[in-house]
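So the structure is just underneath, and the comments pick up after that.
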Amino acid sequence: MTPAQIQDRILFRDGLMLIIDKPAGLPVHAGPAGGPNLERHFDALRFGFPKAPSLAHRLDRDTSGCLILGRHAKALRKIGILFQDGKVDKTYWAVVAGSPPAESGRIELTLSKVSNKTGGWRMVGGLPDGQTAITDYVVKGRANGMTWLELTPHTGRTHQIRVHCASIGCPLLGDPQYGGPDGHPLHLHSRAISLPLYPKREPVGAVAPVPAHMRAALAACGFAEDPIHG
């Protein structure tokens, strides 16, 4: 990714934060083995500041869309408190296999990280010592055994949306780890995010355009041309 390419993915910018449109398939930071990651390109987002911005939260490697960066330490602390207090509104779009049990609903299922020596780790729902996790969903459209969902997570657990959708019988396309059909990229997109960054102003945020790999499935489910351009 060139400096111009990451700058083209900026959705919002002010003196405290940036919101960028994270591409699918790129981890936000280097794992134990290193390799390509989004964070290594943040120097191109300084815009005159002495240091590069830093991640205020994370998205999974294969999830696309709105990602917040704090531009300095004070901003990161302020944004972090808003996340901790549940004041950041997040909207995700997903295409799932099958259909949920109702047109809208709430999924409340605890999540636990479970590891083993041969299979690595995964998140497991419903264990008694798990962390509280809550996701609301609304059906936006259906076609060909697929459903387009709009999801609002009220907690920020690892793989929350993926496990919650699988728990109600509709795993995400491209998510074989949790029972979804393979042969697709993961169909999960952080569509919009907003937060009350300034107490006396309206919340600020951004909307991320639909990524190319999700357009066909969303169009089949009734999504029209996206007015948002990245």
Side-chain angles (χ1 to χ4, degrees), residues 6-24 28-29 38-39 42 44-49 51-60 63-94 103-108 131-141 148-162 164-165 188-211 214 218 223-230:
I6 193 169
Q7 290 169 4
D8 284 345
R9 303 191 76 89
I10 295 171
L11 303 171
F12 175 88
R13 168 184 157 195
D14 71 2
L16 294 183
M17 74 175 187
L18 300 164
I19 303 176
I20 64 171
D21 179 15
K22 177 197 168 296
V28 292
H29 54 73
L38 190 64
E39 200 169 31
F42 285 176
L45 301 177
R46 289 192 301 115
F47 298 109
F49 277 41
K51 295 182 179 179
S54 298
L55 294 161
H57 65 125
R58 300 178 184 179
L59 293 177
D60 290 347
T63 302
S64 59
C66 294
L67 180 69
I68 294 177
L69 312 179
R71 300 195 68 186
H72 48 73
K74 185 176 179 180
L76 282 167
R77 287 193 296 270
K78 183 172 185 177
I79 296 165
I81 291 170
L82 293 174
F83 271 103
Q84 291 171 16
D85 292 346
K87 294 181 178 179
V88 180
D89 292 328
K90 296 167 284 184
T91 300
Y92 285 77
W93 282 2
E103 292 298 301
S104 63
R106 170 164 288 191
I107 306 164
E108 297 186 61
Q131 293 181 302
T132 299
I134 302 169
T135 307
D136 290 336
Y137 72 86
V138 175
V139 172
K140 301 279 286 181
W148 165 23
L149 295 179
E150 182 169 280
L151 301 123
T152 304
H154 297 286
T155 48
R157 310 304 180 199
T158 300
H159 294 183
Q160 176 173 322
I161 288 175
R162 296 164 63 183
H164 275 182
C165 286
L188 181 60
H189 179 58
S190 176
R191 174 64 170 176
I193 198 163
S194 69
L195 61 165
L197 193 57
Y198 303 101
K200 296 182 180 180
R201 304 184 201 172
E202 291 295 312
V204 295
V207 178
V210 170
M214 288 180 62
L218 285 171
F223 176 64
E225 184 177 349
D226 199 341
I228 306 300
H229 300 288

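Residue numbers count from 1 along this sequence.
Remark: side-chain polar atoms of S190 are paired, donor with acceptor, to backbone N or O of C66 under 3.5 angstrom. Side-chain N or O atoms of T135 include none that pairs as donor or acceptor with a backbone N or O of I107 at under 3.5 Å. Panel note: side chain R191, backbone A208; a donor-acceptor pair is recorded below 3.5 Å. A donor-acceptor pair under 3.5 Å links the side-chain atoms of Q7 to the main chain of A44, judged by distance alone. In terms of modelled atom types and a separation under 3.5 Å, the side chain of H159 and the main chain of D60 share no donor-acceptor contact.
Side-chain contact check for L188 versus C165: every heavy-atom pair is 4.5 Å or farther apart. Inter-residue side-chain proximity for M17 and L195 is flagged as met; some heavy-atom pair is nearer than 4.5 Å. In this structure, the side chains of F47 and R71 come closer than 4.5 Å at one or more pairs of heavy atoms. A heavy-atom distance below 4.5 Å is found between the side chains of R13 and L18. For the pair L11/P209, a side-chain contact is recorded, criterion being any heavy-atom separation below 4.5 Å from C-beta on. By the 4.5 Å heavy-atom criterion applied to side chains, S104 and D136 are not counted as neighbours. Side-chain atoms of P211 and D21, non-hydrogen and from C-beta on, never get closer than 4.5 Å to each other.
Here the straight-line distance linking atom CD1 of I19 with atom CG of D14 works out to 8.5 Å at 0.5 Å rounding. Atom OH of Y92 and atom NE2 of H189 lie 10.5 Å apart (nearest 0.5 Å). Atom CZ of R162 and atom OG1 of T63 lie 6.5 Å apart (nearest 0.5 Å). We find the CG-CZ distance between L45 and R9 to be 11.5 Å, quoted to the nearest 0.5 Å. Atom-to-atom distance recorded for T152:OG1 and I161:CD1 is 8.5 Å, nearest 0.5 angstrom. Here the straight-line distance linking atom CG of L69 with atom CZ of F42 works out to 4.5 Å at 0.5 Å rounding.
The two atoms that bring T155 and K90 nearest to each other are O-NZ, 4.1 Å, heavy atoms only. Listed here is the closest heavy atom pair of I79 and A56: CG2-CB, 3.7 Å. Across every non-hydrogen atom of E150 and T91, the tightest pair is CG-CG2, 3.6 Å.
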Original post:
Step by step, would you call I20 with L38 a side-chain contact (heavy atoms from CB on, under 4.5 Å)?
Top reply: CA-CA 11 Å; I20 64 171; L38 190 64; 3.7 Å; yes
**OP:** In sequence, state the C-alpha distance, the side-chain angles, and the governing distance for V139 and L149, and then conclude on side-chain contact (heavy atoms from CB on, under 4.5 Å).
**Re:** CA-CA 5 Å; V139 172; L149 295 179; 3.8 Å; yes
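Using cut-offs of 30° and 60° on the angle between ring planes, the pair F49 and H72 is parallel.
In this structure R58 satisfies the side-chain contact (heavy atoms from CB on, under 4.5 Å) test together with V28, H29, sequence neighbours excluded. Partners of F83 according to the ring-ring contact (aromatic ring centres under 6.0 Å, His included) rule, which considers only residues two or more places apart in sequence or in another chain, are H57. Under the salt bridge (charged side-chain N to carboxylate O under 4.0 Å, His left out) criterion, D89 pairs with no residue, sequence neighbours left out.
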